[in-house]
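One structure is given below, encoded as structure tokens.
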Amino acid sequence: MSYLDKSIKEIYEALKEGKVTSKELTEEALKRAHEYQDELNSFVTILDDAKEEKVTDNVLSGIPYAAKDNFSTKGVLTTASSNILSDYVPVFDATAVSKLKDAGAVMIGKTVLDELAMGGTGTTGHTGVVRNPWDPKRMIGGSSAGSAAAVARGIVPYALGSDTGDSIRKPAGYGGVVGYKPTYGLISRWGLFAFASSLDHVGCFTKTVEDAAYVIDNIKGIDEKDMTSFDSSNINIVENLNNDVKGRKLFYIKEIVDNLKDDKVYYDNFLKVIEYCKELGMNVQEESIDDAILKGIYPSYMAISCAEATSNNSNLTGIPFGNRKEGHTPDEVMINTRTEGFSELIRRRFVIGSFILQKENQEKLFKNAQRIRRLIVDKMTELFKTYDGCIMPNAGSIAPYFNEEHDRLSDKYLLLENHLAIGNFGGFPSITIPSGLVEEMPVAINITGPIMSDDMVFNIAKKLEEKIGFVPLSVKEEK
């Protein structure tokens, strides 16, 4: 087995012992990035001039990684997978990128996303569709599509992503890797291109829960450039990974899980995970939430995210920066730039967001969406007074084929495919881990906990991961 396919801790130990060098790891990661690019289209930019780093006492030092292409990277093309930014090269690093640089990590590329992170399919980036390493005829999901595919394929041991509704956790589940979204503010969003600021989170993809813990412990922390960040020095994830979970209490939401019962194999997989929880000494109970509120998750998410996206992206005019189009007046420049620079999907979302933000529509549309958000967050917060976490199926199906249609008004779609947005509504820490295979494709479960309980959420996930014994694709094929 290549050292690149081992865990971060194992790679680091091999580096310290001289069994492999940072240069060798970097060259192999770059080789793999090129080798799988035609098949997967994971990368917008592959950094062939990436240099090895000195191995220090930091566990991430000398190890290659990839970053989603909506993280600002100094001197490196950063497009957010949109034509409007196709030639944009930032002059500063995002805080998360800067922290990894300080840790001695080696960035080998920037990964494809749904344009401006607005989408869940991995199909709308300006450089083309991202495909699932388990089956290239299927989606990997989005918006952090390239990062998920790169880790699932074993190109890099970990990758940065962003999550606004499920953009890390959904593709992690489809790709058979770990995906983590923190408590809101645990990780600075400085330098992450804003989509919907009240929902955006920085997180990561890894092959194991422990690997994710190492990454997050390195990039978390208060940042004076991000007023929403907080002092998390009392949250020590790696240190608490192996605590005993006996006596922990979890719940799942009946109205959502009931929609999985038609898919017996997938449902049985979820029940098996519940059994594992009980074998570990945890108590798992079923809880109900008003179905009408739950069905409001998706429309509320769309209303809030479109409104915030419209505001956040109003600076993409082609005048201060970006791929400017010609015009006789400043207005013409902006109209031509935005018309040609954005895809139809993005233009549609901006029109919806502008409509929602109109003064005469705010009460009925934007504020009502916020009220539904508040009802959901209050209910989850109330449940978290009794329970340590919520355990749920990560999605309603295995990764769909590209031509597969969903009934977006069905209960199954509204609930099973969108419930992960609850974690964004409340800023709750939320982790997705693989739970097995259905039709030779990975399925996953998600664990969400109260705010600032990130170390406990990791601890529960680690113990369940050990019970499940899932083997990632890259490791499976190497064996």
Side-chain angles (χ1 to χ4, degrees), residues 37 41-47 67-94 97 109-130 142-147 160-165 167 189-197 199-200 302-358:
Q37 182 63 5
N41 189 40
S42 297
F43 290 89
V44 177
T45 302
I46 298 172
L47 299 172
K68 188 175 179 179
D69 204 32
N70 60 343
F71 284 85
S72 182
T73 45
K74 183 178 180 180
V76 177
L77 182 69
T78 303
T79 70
S81 286
S82 178
N83 280 321
I84 204 165
L85 292 168
S86 59
D87 59 0
Y88 175 60
V89 179
V91 296
F92 69 98
D93 283 324
V97 171
K110 302 293 294 296
T111 59
V112 180
L113 56 146
D114 281 299
E115 185 177 2
L116 298 176
M118 294 183 215
T121 61
T123 64
T124 67
H126 76 305
T127 56
V129 169
V130 183
S143 64
S144 306
S147 288
L160 292 180
S162 63
D163 191 311
T164 307
S167 289
R189 290 178 294 114
W190 171 257
L192 173 72
F193 294 180
F195 167 12
S197 302
L199 302 170
D200 292 343
M302 288 302 296
I304 294 166
S305 65
C306 285
E308 293 189 14
T310 299
S311 175
N312 281 329
N313 289 282
S314 62
N315 64 334
L316 298 180
T317 62
I319 292 178
F321 60 90
N323 188 7
R324 182 188 301 180
K325 301 301 176 184
E326 294 303 316
H328 295 294
T329 66
D331 282 350
E332 276 190 16
V333 169
M334 287 188 283
I335 290 168
N336 293 340
T337 297
R338 290 174 73 86
T339 300
E340 295 182 42
F342 296 133
S343 68
E344 180 186 352
L345 171 68
I346 299 303
R347 293 199 303 270
R348 187 165 62 241
R349 288 205 180 195
F350 288 162
V351 169
I352 292 169
S354 297
F355 181 78
I356 289 168
L357 288 176
Q358 286 179 349

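Remember, predicted model here, so these are calculated numbers, not experimental data.
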Note to self: Less than 4.5 Å apart, side chain to side chain, heavy atoms only: is that true for R189 and S162?
What the structure shows: no
Note to self: As an exercise, state the distance from CG of D163 to OG of S143, rounded to the nearest 0.5 Å.
What the structure shows: 8.0 Å
Item checked: Min side-chain heavy-atom separation K74-P90 under 4.5 Å -> no
Check: Does S305 reach the side chain of L199, with side-chain heavy atoms less than 4.5 Å apart?
Finding: yes
Notebook entry, point to check: Is it true that the side chains of K68 and S147 contain a donor and an acceptor less than 3.5 Å apart?
Noted result: no
Notebook entry, point to check: Within the distance-only criterion (no hydrogens, no angle test), does the side chain of D69 pair as donor or acceptor with the backbone N or O of V112 below 3.5 angstrom?
Noted result: no
Margin query: Is there a side-chain contact between L116 and L316 in this structure, where contact means two heavy atoms from C-beta onward sitting under 4.5 Å apart?
Written below: yes
Margin query: Just so I know, are the side chains of M118 and N313 near enough to count as touching, which here means a heavy-atom distance under 4.5 Å?
Written below: yes
Notebook entry, point to check: Looking only at heavy atoms, what is the nearest atom pair of S81 and V44, with distance?
Noted result: OG-CG2, 3.9 Å
Checklist line | Flag, side chain of S167 to backbone of S144, donor-acceptor distance under 3.5 Å | finding: no
Item checked: Set of ring pair (Phe, Tyr, Trp, His ring centres under 6.0 Å) partners for F321, sequence neighbours left out -> Y88
Notebook entry, point to check: Going by atom types only, do S82 and E115 share a side-chain donor-acceptor pair under 3.5 Å?
Noted result: yes
Notebook entry, point to check: Within the distance-only criterion (no hydrogens, no angle test), does the side chain of T337 pair as donor or acceptor with the backbone N or O of K325 below 3.5 angstrom?
Noted result: yes
Margin query: Distance check, rounded to the nearest 0.5 Å: N336 atom CG versus T317 atom OG1?
Written below: 12.0 Å
Item checked: side-chain contact (heavy atoms from CB on, under 4.5 Å) assessment of F193 paired with L113 -> CA-CA 12 Å; F193 294 180; L113 56 146; over 6 Å; no
Margin query: Please check this pair: side chain of D200 against backbone of A196, looking for a donor-acceptor N/O pair closer than 3.5 Å.
Written below: yes
Notebook entry, point to check: Side chain of T78, backbone of V76: donor and acceptor closer than 3.5 Å?
Noted result: yes
Item checked: Sub-4.5 Å side-chain heavy-atom contact between M302 and R349 -> yes
Item checked: Sub-4.5 Å side-chain heavy-atom contact between T121 and D114 -> yes
